[in-house]
Amino acid sequence: MPEIRTRFAPSPTGLLHIGGVRTALFEILFAHHHGGKAILRIDDTDRTRLVPGAIQSLIEDLSWVGLHFDEGPSDEEIARADEGYQGGFGIGGAAAPYVQSQRLGRYKETAEELIRLGVAYRCDCTSERLEKEREEQTARKEMVGYSGYCRERNVAADVPHVVRFKIPADRAVVLADAVKGEVRWDQIILRDPVLLKSDNFPTYHLATVVDDHDMRISHVLRADEWLSTAPLHLLLFEALGWEAPVFAHLPPVLGTDGKKLSKRHGATFLSSFREAGYLPEAILNFMALIGWSPGEGEQQEIFSMEELTRRFTLDRVNNAGGVFSYEKLKWMNGMYIRALAAEDLEGRLRPFLAGAGLAVDGEKLRRIVPHIQQRLELLPDAIPLVQFLFQAKIERDMASMLKKGMDAAKAKEICLRAAEAMGAMETFDTPSIEAALRGMGEQLGLQAGAVFTVVRIAVTGQKVTPPLFESVYALGQKEAVERLRETAELLG
RNA sequence: GGCGCUAUCGUCUAAGGGUUAGGACAAGGCCCUCUCAAGGCUUAAAUACGGGUUCGAAUCCCGUUAGCGCUACCA
């Protein structure tokens, strides 16, 4: 059996979209499930939309999220295509180059071949002429598209021109799509599409067919939106005498309004999810479940990449589009955060804490992390929970302290006594703190909860915090006593 | 307009002719509890509509409706 080879071919026109992440994920899962290879190809054929630095950010994002390809552009190729490239993400492979702007010769010669075969022709129609044609067609309520004016004109090779494919009339095309099943077109409605642009760059249609053939791609997994142009690609493979790969058109990832997920639905760039404090593992797990499911009554939701790879098959890919739910992603992110080793979580938290301007003390952080772990959905959720540890001065929510029958005099007494008890401790640890605080409640004839609330706000400033005894312990004996005394003074 | 794709709780989905239509997120309730969480238990919530085929349809077929995609020298 020939090797299973898939490819992900993003355009460097901006940041990596979360929908692209899903496509790339499926490419990798499918290839690796079958012991094959996933290839990364850079589709930079649109010179007008090219964004400098986009390749760099694309592969950086891919790498961050944990999507690793078996073949792809080398450092040299990327550097040639993207001036700002810093290096370090090159992959390489036998089918190099993997950057389409570096494969121009192949597209050009294939276009010539197509002309020789009589299925393509040169066209020198100006954009004005095309524009006028379109206007007239619209006015006559006809189908809009190129009339085929240059089909028989034998436009010379030495004038500026494009190369167009001659769409055959009355040709039925059948696609055996691995996801959609058999899709049939009784006639192809496309109107002589451009294959090679006047700047000598190919359009997607030509480039993808040439490269998928050259790179021996066995399965093309791509977004649903390509389904309409699949007949063109099939015809191209046929005309060239090449065997077409298996196509699998993936259901779209939608926003809440049922339209393709875009900016107005919220964050859509992978980098925004990274900045918002999502974990790569959670993102991958979640994206796998939009448009794919393990089936067979499976009730598990959390899957590692290994499990996904083992279980992923195309026949479990759904036909219908799926709405991207930020809520569920958040829940899943929380699940992943809770499953992290404490040291791991510490490391992931640091950039966010530093970003919030907190001067993090490693020891304090180490003490508190296990206690905030089940309180986080997103990494930055930690900031309000731990900030009291790293601030020299805290603001106290006195209004919340003096609620429910608690008055200033009583609160002051609690603070004084607590300060005394804390200060007197020989071993300052969580059980001792708890014992002291609980004992105090009894002595004063107060509910433990009432005492805790006063101490909580006195020590942390906030009414919502990690568990009290652990928080006091994490802060340290000296600072805890100081903060209790400070509060007592504040209370008159 | 044309061509194509799609249709199960609000959302992601399971059920591949026979199930009380299952699970998860979100929502509500209860338990646990030092705040907030986490966790456990629990409630509500769906086969778009109409025809067939069949002893029997969420499931197969046809139609309707609705949504989406494509219809560029963009991908």
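Values below: all heavy atoms of this structure, side chains included; hydrogens, waters and symmetry mates excluded. Chain letters run A, B, ... following the sequence lines, proteins first, then strands; residues in each count from 1.
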**Q** So if I apply the side chain to side chain contact (heavy atoms under 4.5 Å, CB included) rule between A/Leu365 and each of A/Leu353, A/Leu358, A/Ile372, which one comes out positive?
**A**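 Looking at A/Leu353, A/Leu358, A/Ile372, the match for A/Leu365 under the side chain to side chain contact (heavy atoms under 4.5 Å, CB included) is A/Leu353.
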
**Q** Between B/C61 and B/A66, how many Å separate the two P atoms, rounded to a whole number?
**A**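 It comes out at 22 Å once rounded to the nearest Å.
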
**Q** Under 4.0 Å between any heavy atoms, over every strand shown, what does A/Ser293 touch: base, sugar-phosphate, or nothing? Just pick one.
**A**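 Answer is sugar-phosphate: A/Ser293 comes under 4.0 Å of backbone atoms only.
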
**Q** How many whole angstroms separate atom NE2 of A/His205 from atom P of B/C70?
**A**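 In whole Å, B/C70 P and A/His205 NE2 are 12 Å from each other.
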
**Q** For A/Glu327, report the nucleic acid contact type (base, sugar-phosphate, nothing); a contact means any heavy atom under 4.0 Å.
**A** sugar-phosphate

**Q** Please determine, by modelled atom types, if A/Arg49 and A/Ser11 share a side-chain donor-acceptor pair under 3.5 angstrom.
**A**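 Side chains of A/Arg49 and A/Ser11: no pair found under 3.5 Å.
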
**Q** Toward the 5' end of RNA chain B, which comes first, A/Val323 or A/Pro202, by nearest nucleotide?
**A**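 So the residue in question is A/Val323.
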
**Q** So what does A/Thr45 hit on the nucleic acid, given a heavy-atom distance under 4.0 Å: a base, only sugar-phosphate, or nothing?
**A** sugar-phosphate

**Q** Tell me: CD of A/Glu301 to C1' of B/C25, nearest whole Å?
**A**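 It is 8 Å, rounded to the nearest whole Å.
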
**Q** Whole-Å distance between B/A72 C1' and A/Trp226 CH2?
**A** 11 Å

**Q** Considering every strand and a 4.0 Å limit on heavy-atom distances, what is the contact class for A/Arg316: base, sugar-phosphate, or nothing?
**A** sugar-phosphate

**Q** Taking atom P of B/A15 as reference, at what distance in whole Å does atom CD of A/Gln299 sit?
**A**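 Going from A/Gln299 (CD) to B/A15 (P), I get 12 Å.
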
**Q** Taking only heavy atoms on the protein side, list every residue of residues 157-177 of chain A lying under 4.0 Å from any atom of RNA chain B, sorted numerically.
**A** A/Val162, A/Arg164

**Q** Table please: side-chain donor-acceptor pairs of residues 451-460 of chain A below 3.5 Å, with sequence neighbours left out.
**A**
residue: A/Thr453; atom: OG1; partner: A/Gly449; partner atom: O; Å: 3.0
residue: A/Arg456; atom: NE; partner: A/Thr465; partner atom: OG1; Å: 2.9
residue: A/Thr460; atom: OG1; partner: A/Arg456; partner atom: O; Å: 2.7
residue: A/Thr460; atom: OG1; partner: A/Gln462; partner atom: N; Å: 3.1
residue: A/Thr460; atom: OG1; partner: A/Gln462; partner atom: O; Å: 3.2

**Q** In residues 244-255 of chain A, what residues come within less than 4.0 Å of RNA chain B, judged by heavy atoms?
**A**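 When residues 244-255 of chain A is checked for heavy atoms under 4.0 Å from RNA chain B, there are no hits whatsoever.
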
**Q** Taking donor-acceptor contacts at under 3.5 Å, does the side chain of A/Lys328 reach the base of B/A24?
**A**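 Yes, the side chain and the base share a sub-3.5 Å donor-acceptor pair.
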
**Q** One thing to verify: whether A/Lys132 and A/Glu128 come together as a salt bridge, which I'm taking to mean a side-chain N less than 4.0 angstrom from a carboxylate O.
**A** no

**Q** Between the protein and nucleotides 1-7 of chain B, are there any N/O to N/O pairs under 3.5 Å, and if so, what are the atom names and distances?
**A**
residue: B/C5; atom: O2'; partner: A/Lys180; partner atom: NZ; Å: 3.0
residue: B/U6; atom: OP1; partner: A/Asn319; partner atom: ND2; Å: 2.9

**Q** Is any side-chain N of the basic residue among A/Arg375 and A/Glu470 closer than 4.0 Å to the acidic one's carboxylate O?
**A** no

**Q** Taking 4.0 angstrom as the limit, do A/Arg184 and A/Asp186 come out as a salt bridge?
**A** yes

**Q** Hey, are A/Arg438 and A/Glu434 close enough for a salt bridge, meaning a charged N less than 4.0 Å from a carboxylate O?
**A** yes

**Q** Does NZ or CZ of A/Arg316 fall inside the cone over A/Phe312's six-membered ring, less than 6.0 Å from its centre and within 45° of the axis?
**A**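 No; the conditions do not both hold, so A/Arg316 does not lie above the ring face of A/Phe312.
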
**Q** Going 5' to 3' along nucleotides 32-43 of chain B, which nucleotides have protein heavy atoms under 4.0 Å from the base (write B), which only from the sugar-phosphate (write S), and which from neither (write -)?
**A** --BBBBSS----

**Q** Under a 4.0 Å N-O cut-off, is there an ion pair linking A/Asp124 with A/Arg153?
**A** yes

**Q** Does the pair A/Glu133/A/Arg191 count as a salt bridge with the N-to-O cut at 4.0 Å?
**A** no

**Q** Please state how far atom CD in A/Glu298 lies from atom P in B/A15, giving the value in whole angstrom units.
**A**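 Value for this atom pair: 11 Å.
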
**Q** Distance check needed: B/C74 C1' versus A/Gln100 CD, whole Å only.
**A**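 Distance, rounded to whole Å: 13 Å.
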
**Q** Return the orientation label for the A/Tyr326 and A/Phe324 ring planes: parallel under 30°, perpendicular over 60°, tilted otherwise.
**A**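 It falls in the perpendicular class, over 60°.
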
**Q** How close do A/Met401 and A/Leu491 get, heavy atom to heavy atom, and via which atoms?
**A** SD-CD1, 4.4 Å

**Q** Run the salt bridge (Lys or Arg N to Asp or Glu O under 4.0 Å) check on A/Arg7 and A/Asp43 step by step: do they pass?
**A** CA-CA 11 Å; A/Arg7 88 308 195 265; A/Asp43 186 348; over 6 Å; no

**Q** Measuring from atom CD1 of A/Ile217 to atom CZ of A/Arg41, what distance do you get when rounded to the nearest 0.5 angstrom?
**A** 6.0 Å

**Q** Base, sugar-phosphate alone, or nothing: which one does A/Gly291 contact when heavy atoms must sit under 4.0 Å apart?
**A**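 Touches sugar-phosphate only.
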
**Q** State whether A/Tyr146 and A/Arg164 meet the cation-pi test: NZ (Lys) or CZ (Arg) under 6.0 Å from the six-membered ring centroid, and within 45° of the perpendicular axis.
**A**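 Yes, a cation-pi geometry.
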
**Q** What is the distance from CG of A/Leu261 to C1' of B/G69, rounded to the nearest Å?
**A**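 That distance rounds to 15 Å.
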
**Q** Can you tell me the distance, in whole Å, between the CD1 atom of A/Ile290 and the P atom of B/A14?
**A**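 Between P of B/A14 and CD1 of A/Ile290: 13 Å.
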
**Q** Between protein and nucleotides 60-67 of chain B, map the contacts as a letter string: B base, S sugar-phosphate only, - none, heavy atoms under 4.0 Å, written 5' to 3'.
**A** --------

